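Remember, predicted model here, so these are calculated numbers, not experimental data. Below, read A as the first sequence line, B as the second, and so on, with proteins coming before strands; counting in each chain starts at 1.
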Number of protein chains: 2
Amino acid sequence: MKRIADSTVRRLSMYLRYLEDLDTRGQQTASSDELAHLCGTTPAQVRKDLSFFGSFGKRGLGYPVHELTAHLREILGLQREWKVLIIGAGKIGAALANYRGFRQRGFTVAGVYDNDPNKVGQPWGEAIVRPMDALEADLNRDDAPIAVLAIPAEGAQAVVDRLVKAGVRAILNFAPTQITVPPHVNLKSVNMAMELEGLSFALTNPGYLDEGAA
Amino acid sequence: MKRIADSTVRRLSMYLRYLEDLDTRGQQTASSDELAHLCGTTPAQVRKDLSFFGSFGKRGLGYPVHELTAHLREILGLQREWKVLIIGAGKIGAALANYRGFRQRGFTVAGVYDNDPNKVGQPWGEAIVRPMDALEADLNRDDAPIAVLAIPAEGAQAVVDRLVKAGVRAILNFAPTQITVPPHVNLKSVNMAMELEGLSFALTNPGYLDEGAA
DNA sequence: CCCTGCTTGTGAACAATTTCACAAGCTCTA
DNA sequence: TAGAGCTTGTGAAATTGTTCACAAGCAGGG
Ligand SMILES: NC(=O)c1ccc[n+]([C@@H]2O[C@H](COP(=O)([O-])OP(=O)(O)OC[C@H]3O[C@@H](n4cnc5c(N)ncnc54)[C@H](O)[C@@H]3O)[C@@H](O)[C@H]2O)c1
Ligand SMILES: NC(=O)c1ccc[n+]([C@@H]2O[C@H](COP(=O)([O-])OP(=O)(O)OC[C@H]3O[C@@H](n4cnc5c(N)ncnc54)[C@H](O)[C@@H]3O)[C@@H](O)[C@H]2O)c1
């Protein structure tokens, strides 16, 4: 079984988004060329990405939109519902918990946790903030959720260790710090300051990007 | 002038974060090995990344922490203040506007814009929400800010076109849609749904990741 | 002053990813 | 049934990014 690049998975996710659009508009087929234009990539890339998982298209015609949508959902594991735990009932946590885009894709917020006694027990969106102490007891190992970490950097690694010990095998981290997890746990980090700094770099050093500008 | 990979810039940003830590703790020097461990990369990677910009270390000793910190700030363009415009006074916009991490790095929110008449004019953190109409007049082309796009996907491309026309040359986009900009404009997108779907994929297809699992 | 022990800086090897290019195959038309 | 016109699927080539390995060079001790 071939290793799939991270970049490929991200693109699959994007193909799915646009295929869903086309599907609701009733379009029957889409060529790799059309998908590429929608997603800002190249036709060859689209075909190569899909070819890792099977051969879904018809030569001369393109890909059947509705069918490919279903295939991609399955590949990405989106036929099922995923439970999501939000750790940290702060500003970022609040934005995420109410984010419609997640629910649309089958991610449902199963709980919100915080260690601030003033927040615990308070209503928060449709949920009630739970104490960190309750974490282990709340978790069902057979259906371990995805954890979203939205707490300050200082406590992050300790909380991650605790989540991992409790059976969580996927974590989306927003704290701007390096987190380590055992190999069987999947970790993704979103670091917004880093993105802004990337823009700062690009604005400051146009020469390093536009090959050969003086 | 050599093209610098995106991944390199992201790592520079991370090196800077940890060097600042070491600096405040008074540590004089740091080896590529130490930095690598802090940042979750390899010593060779650290040295190669830095070598693109000069030779900052002393053989046998390592890198002078304070000095390298300054160099990295300069490379990343962080000696100066960057003005940031937030477009969309919603939940994500609110989280970002109050995010301490940005101000710490020299990014200051210069304005918040929205097209909802009920939000325009309302106080919002330390700012007051301004109408989209005011955008062009507010912008000073000689000191164009970085724009953060926190509005729904539907209107995103139109607003981007308008920002670009008004002189904005760097945009951080949170709307989950493909945006196109002319080549002289820098665009980064953060797509959280895509990250979650990446986790879903990893949980669903362990075989595609752990080389050769049956 | 020279030797020992480290650590950098970097070309070259390697690995991963993207792009190319084209044979194979489908549909439609006559 | 044959031919035209597209578009897929995929090895091979090209490009991009990471890791290796080692000469060069500094500090500190004898
Ligand atoms: N606000 C943003 O726009 C933004 C952007 C990028 C990254 N981040 C990062 O996201 C994280 C959260 O940011 P925020 O703005 O929501 O902060 P916040 O202060 O609004 O919220 C943090 C919450 O986490 C809780 N908390 C702290 N330590 C905890 C622990 N050990 N266990 C459980 N709960 C704990 C606090 O009680 C608080 O409710 C930070 O790491 C921040 O750097 C925030
Ligand atoms: N909330 C989240 O956690 C989250 C996570 C990831 C991505 N996003 C994305 O970020 C964007 C904003 O999300 P949100 O949750 O803050 O939404 P929101 O509805 O809370 O806020 C959106 C704001 O944008 C304003 N707006 C809409 N169209 C506009 C236009 N053309 N010009 C100016 N202002 C306009 C609205 O009046 C509203 O105030 C969306 O694209 C969403 O998909 C949100």
Side-chain angles (χ1 to χ4, degrees), chain A residues 1-15 19 22 27-69 71-72 75 198 201 208-212, chain B residues 1-15 19 22 27-69 71-72 75 198 201 208-212:
Chain A
M1 211 175 235
K2 205 163 182 317
R3 189 169 190 292
I4 300 297
D6 226 64
S7 45
T8 295
V9 178
R10 303 171 71 83
R11 282 189 301 266
L12 292 181
S13 173
M14 189 172 286
Y15 303 152
L19 283 165
L22 295 176
Q27 186 167 329
Q28 298 292 313
T29 61
S31 67
S32 56
D33 207 65
E34 180 171 11
L35 272 177
H37 277 92
L38 286 171
C39 299
T41 181
T42 64
Q45 184 79 79
V46 172
R47 295 200 298 274
K48 176 74 72 180
D49 286 341
L50 295 175
S51 78
F52 290 133
F53 300 93
S55 116
F56 307 112
K58 275 203 168 57
R59 295 168 192 226
L61 263 190
Y63 297 90
V65 170
H66 190 74
E67 215 176 298
L68 183 55
T69 305
H71 277 301
L72 284 180
I75 291 166
F201 176 84
Y208 280 116
L209 301 166
D210 316 338
E211 202 112 16
Chain B
M1 213 176 233
K2 202 160 185 319
R3 193 174 186 289
I4 300 297
D6 227 63
S7 46
T8 295
V9 178
R10 302 171 72 83
R11 283 190 299 267
L12 292 180
S13 174
M14 188 173 285
Y15 303 152
L19 283 165
L22 295 177
Q27 186 167 329
Q28 298 293 313
T29 61
S31 67
S32 56
D33 207 65
E34 179 171 12
L35 272 177
H37 276 92
L38 287 171
C39 299
T41 182
T42 65
Q45 186 77 81
V46 172
R47 295 201 297 275
K48 173 83 52 183
D49 286 341
L50 295 175
S51 78
F52 289 133
F53 299 95
S55 115
F56 307 113
K58 275 205 169 55
R59 296 172 191 223
L61 262 192
Y63 296 91
V65 171
H66 190 75
E67 214 177 299
L68 183 55
T69 304
H71 276 301
L72 284 179
I75 290 166
F201 175 85
Y208 280 116
L209 301 166
D210 316 340
E211 202 115 14

Undergrad: Under 3.5 Å, which N/O atoms of the protein pair with N/O atoms of nucleotides 15-17 of chain D?
TA:
none

Undergrad: Mind jotting down which residue pairs meet the side chain to side chain donor-acceptor pair (under 3.5 Å) criterion with at least one end in residues 28-38 of chain B? Sequence neighbours excluded, please.
TA: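 Applying side chain to side chain donor-acceptor pair (under 3.5 Å) to every pair that reaches into residues 28-38 of chain B, excluding sequence neighbours, yields B:Gln27-B:Glu34, B:Ser32-B:Arg47.
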Undergrad: Using side-chain heavy atoms (C-beta onward) and a distance below 4.5 Å, is A:Leu35 in contact with A:Thr41?
TA: no
Undergrad: Would you mind reading off the distance between A:Phe52 atom CZ and D:dG11 atom P, rounded to a whole angstrom?
TA: 11 Å
Undergrad: State, with a plain yes or no, whether a side-chain heavy atom of A:Phe53 is found less than 4.5 Å away from one of A:Leu72.
TA: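 Side chain of A:Phe53 against side chain of A:Leu72, heavy atoms only: no contact under 4.5 Å found.
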Undergrad: Go through the structure and list residues passing salt bridge (Lys or Arg N to Asp or Glu O under 4.0 Å) with A:Arg10, not counting sequence neighbours.
TA: B:Glu195
Undergrad: Would a distance-only check, ignoring hydrogens and angles, find a side-chain to backbone donor-acceptor pair under 3.5 Å from B:Thr69 to B:Val65?
TA: yes
Undergrad: Not counting sequence neighbours, which residues clear side chain to side chain contact (heavy atoms under 4.5 Å, CB included) with A:Thr42? List them please.
TA: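 With neighbours one apart ignored, the set is A:Ala44, A:Gln45.
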Undergrad: Just how far, in rounded Å, is C1' of C:dA16 from CG of A:Asp49?
TA: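 After rounding, the reported distance stands at 14 Å.
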Undergrad: If the condition is side-chain hydrogen bond (donor to acceptor under 3.5 Å, both in side chains), which residues does A:Tyr15 pass it with, not counting sequence neighbours?
TA: A:Asp49
Undergrad: Is A:Leu22 close to A:Leu38 at the side-chain level, that is, under 4.5 Å between some pair of heavy atoms?
TA: yes
Undergrad: Keeping to residues at least two apart or across chains, list the side chain to side chain donor-acceptor pair (under 3.5 Å) pairs with something in residues 52-68 of chain A.
TA: A:Asp23-A:His66
Undergrad: Tell me every residue that passes ring-ring contact (aromatic ring centres under 6.0 Å, His included) with A:Phe56, counting only those two or more places apart in sequence or in another chain.
TA: A:His71
Undergrad: Taking only side-chain nitrogens and oxygens of B:Ser32, does any of them come within less than 4.0 Å of OP1 or OP2 of C:dT7?
TA: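 So the side-chain polar atoms of B:Ser32 never come under 4.0 Å of the phosphate oxygens OP1 or OP2 of C:dT7.
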Undergrad: Report for the helix from C:dC1-D:dG30 to C:dA30-D:dT1: angle between first-end and last-end helix axes, five pairs each, rounded to 10 degrees.
TA: 0°
Undergrad: Hey, are the side chains of A:Leu50 and A:Leu68 touching, using non-hydrogen atoms and a 4.5 Å cut-off?
TA: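 Heavy-atom side-chain distance check passes, below 4.5 Å.
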Undergrad: Check whether any side-chain N or O of B:Tyr63 sits under 4.0 Å from OP1 or OP2 of C:dC6, and answer yes or no.
TA: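 Negative; the distance criterion is not met.
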Undergrad: Heavy atoms under 4.0 Å is the rule here; annotate nucleotides 20-30 of chain D 5' to 3' with B where the base is hit, S where only the sugar-phosphate is, and - elsewhere.
TA: BB-BBBBS---
Undergrad: Return the value, rounded to whole Å, for the distance between atom CD of A:Glu34 and atom P of D:dT8.
TA: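 In whole Å, D:dT8 P lies 10 Å from A:Glu34 CD.
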Undergrad: What is the distance from CG of A:Leu50 to P of D:dT8, rounded to the nearest Å?
TA: 10 Å
